[in-house]
Amino acid sequence: MTIARVIVDVPSRETDRPFDYSVPDSLRDWVEVGSRVAVPFAGRTLQGIVVALPGDAEVELSRLKAVSDVLDAVPPLSEELVKLGEWMSRRWLCPLTVAFQAMLPAALKGRTEKYVSVADDAVFSDEELAEAGALLHALRKDSATQAKLSALLTKFQGSGAHLKRWLKQGRLIERQKVENRLSVKTVLTVFPRDADTLGAGKADIPARARKQREVIEWLEEHPEPIALQELAEAAGTTASTIRSLEERGLLEIRGVTEDRDPYADRDFPVSSPLPLTPAQATALEPIASAIDAKDRKVFLLHGVTGSGKTEIYLQAIQQALSLGREAIVLVPEIALTPQMVERFKSRFGARVAVLHSRLSQGERFDEWRKIREGRAQVAVGARSAVFAPFSNIGLIVIDEEHETSYKQEESPKYHARDVAIERARLSGAAVVLGSATPSLETYEAALSGRAGPDIPHYISLPERVADRPLPGVTIVDMREELKLGNRAMFSRELADALRDRLAKGEQTVLLLNRRGYATFVMCRSCGHTVQCPHCDISLTHHKGSGNMRCHYCGYAETEPKTCPACQSPHIRFFGTGTQKVEESLAHTFPGIRVIRMDVDTTSEKGSHEKWLTEFRERRADVLLGTQMVAKGLDFPYVTLVGVLAADAALRLPDFRAAERTFQLLTQVAGRAGRHELPGEVIIQTYDPEHSSVASVQGHDYAKFTEQELFIRSQLGYPPYGRLIALTFSHESVPMLLSVGQRFASGLKAKAAELGLASTELDVLGPVPSPIPRLKDRYRFQCMVKYRGELAASALVAGVLQGMGEAVKKSGVLTSVDVDPQMML
DNA sequence: AGCACGCCGACT
DNA sequence: GTCGGCGTGCTC
């Protein structure tokens, strides 16, 4: 007997384990590891994923139910992806089914539908026929196909009670089926036979069948396959005429799956490999030989903006393809611009599948199938493209490796960089992590001197291609501007530079670093911000209580009326937006043409592309925006980059604030002077001494990193220590506190038991979450801080499991974030 | 998660 | 005496 070990699609801790089912003979050939099946479970039918096919000796056979259906002809997951899902579940403490769901396109999310039919021997009285005759009639009519319960209930609202009773009595039978949310779109297509057959067949067509003859004549002119509807229209007839020709054997009508190719109507100029600079060639060499040797190595490709990293990716991919292997390229969502896609489509044409969030569910599903069916060998996409259903991956590239968008903020809260490295381990692929500003985690690992399969090999590209210089960076101290009576948004330097570009017809990118506004308090006179004395983190202002609070340790103080450092009364919350800047630009520079890009102006599909095209064609002088103008854009006439509030995000209560700021400033500075015209960068700040701002001036990643790593090591933050954030939520605060405390003391007890010092594992909290109430539920969080390689995830999971009973009864929900990226 | 089974109040 | 309210417990 064949047994299938199945993970059912119920995302809860209780059901997060395999259940065994017998496989009926009729399905035996279809069930594989990775198959999506329908199984009976606690009185209903659910979708599940087959994770193993154990022998009968391992299983107690008596209690088994049978798999009721196999949902796909080809399993949507491979053994490799099943293993990867199991690893994700352990690594990020999420239910297995949640990990699997993340790997499947939304179109394959199963939905259980109930169908109703009349039992063979059911008898209904005249009275019942009178009351619910229409319902019974509908049921009998649809008996072959069975009627959808949900449809019946809406159509026959008055007869709901009858339906329910008859189902209970067994006079109606309910059956459940798992259906896809979306199916493959098929088009009926006519395939004509060869010319000889058509010619011979035409002679046999009776004289009065004029239309059929016309169709054949049309097909003789156009012998390629054509959609049924199209042919009918072209020949001025209907489908029935064409069907009679099918009966004569002159053509064939088949359903053909139609791909919704979002790039179908676009031409991509063909590009061939560019000659590499010596530096690029040196960088490519070890990557190419790792691919050659099926050596699963990780590389950190650290190259300044404009150093030609993309060309190295392209040629490494070429290498993988030439060996018959596939490649995945991950790009931050925000950088997945048409410009980027074009580079890959131009080089690899139809072999590229593109996956990103702007595609419809259907389009995404089509791209996904293109990969699984082997019609594409290169997948370019955001985070989730790391799950592209390839079978023989040679290379995974992660561009802008440091980007936060690689971390998913909903469960499964995975980081695509870590998933990529694990997937490469399973498939024997090489990994290239590319960035001008690598994350401190990656950089520290690469230079640590540690050895190991996950430790990146460091490759550096310190120069731009074609000897183009990095742009000069000027830092403007806005406190000085204020002292001199300039209360405008633009410093004199920036205003002058802008005026100069307007006169020369060159272009400017203006970045408003808006993230973090209004949550922190800053003195406009001296730039002082209020910090937590225990955590070296900005305090968060809470409107309700008027408190300043640290959400790491819970420390609180009252909000200051004057600046604690300089006694100035000009201490206040910050707040401004792109719109305000736009108005100010129009006011200061009459006639200036500004494109504003923020969430408001780019929410519409295709608007992003539209604005960028407009800017590229120089129909605007200034591109003003938030983070989205900082990444990956490449415009020849941009010679000035201005940053309006460099330190805005610096005060966020997040230990990565400085790292983020440095990365953002370096990225946006890299937009200037990428071609013949030299570039200039002007950064406005209230905190010019801060290393994350100051280091941008010399493009000095090493200097910034050295200082920042020192701070991290002192405080035990990543990469030296690691974090797990737990959020508990409930309608009532006391309940929350007691559960939170129970967790904290439970984990501390466990640590003591294992002889761990508090420097090795510590639990902070519970304290109110940064969002203290959400959807009528209060939220508290605990932060677990631990050293290095400790298997803390498993410890946390163990403690949560141990307090299971009490917590379940209390109704407190727990959400775990391993390696949180956003502290807000 | 969500369905069955169970034990208590409002009806034919 | 039955229908159905929603509180626990289990799901191959």
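Lettering of chains follows the sequences in order, A, B, ..., and the numbering in each one begins at 1.
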Between [atom2] on [N] and [atom1] on [X], what's the gap in Å once rounded to a whole number?
X: A:Ile7; N: C:dT11; atom1: CD1; atom2: P; result: 16 Å
X: A:Asp9; N: B:dC3; atom1: CG; atom2: C1'; result: 16 Å
X: A:Arg17; N: C:dC10; atom1: CZ; atom2: P; result: 11 Å
X: A:Leu53; N: C:dC12; atom1: CG; atom2: P; result: 19 Å
X: A:Lys65; N: C:dT11; atom1: NZ; atom2: P; result: 9 Å
X: A:Leu46; N: B:dA1; atom1: CG; atom2: P; result: 13 Å
X: A:Phe19; N: C:dC10; atom1: CZ; atom2: P; result: 12 Å
X: A:Lys114; N: B:dC3; atom1: NZ; atom2: P; result: 5 Å

Just checking, is any N or O donor in the side chain of A:Glu363 or A:Gln361 under 3.5 Å from an acceptor N or O on the other one?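 Not at all, the side chains of A:Glu363 and A:Gln361 share no donor-acceptor pair under 3.5 Å.
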
Does any donor atom in the side chain of A:Arg779 or A:Thr727 lie under 3.5 Å from an acceptor atom in the other side chain?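 Checked: A:Arg779/A:Thr727 side chains show no N/O donor-acceptor pair below 3.5 Å.
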
Kindly write out the residues that satisfy salt bridge (charged side-chain N to carboxylate O under 4.0 Å, His left out) with A:Arg44, not counting sequence neighbours, or none if the list is empty.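 Per chain and number, A:Arg44 pairs via salt bridge (charged side-chain N to carboxylate O under 4.0 Å, His left out) with no residue.
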
Hey, can you pull the residues of residues 24-42 of chain A with a non-hydrogen atom under 4.0 angstrom from DNA chain C?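 Going residue by residue through residues 24-42 of chain A, the ones with a heavy atom under 4.0 Å of DNA chain C turn out to be A:Pro40, A:Phe41, A:Ala42.
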
Looking only at the side chain of A:Glu14 (C-beta and beyond, no hydrogens), which of the listed nucleotides B:dC3, C:dC12, B:dA1 gets closest?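 It is B:dA1.
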
Donor-acceptor check, side chain of A:Tyr21 to backbone of A:Pro40, threshold 3.5 angstrom: yes or no?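 Yes, because the side chain of A:Tyr21 sits within donor-acceptor range (under 3.5 Å) of the backbone of A:Pro40.
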
So, does A:Tyr786 use its side chain to make a donor-acceptor pair with the main chain of A:Ala791 at under 3.5 Å?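 Looks like no, no N/O pair under 3.5 Å.
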
Given A:Ser384, which partner from the list A:Met103, A:His356, A:Arg364 fulfils the side-chain contact (heavy atoms from CB on, under 4.5 Å) test?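 The option that passes is A:Arg364.
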
Can you find an N or O donor on one side and an acceptor on the other, under 3.5 Å apart, linking the side chain of A:Arg44 with the base of B:dA1?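 For A:Arg44, whose side chain was compared with the base of B:dA1, there is a donor-acceptor pair (under 3.5 Å).
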
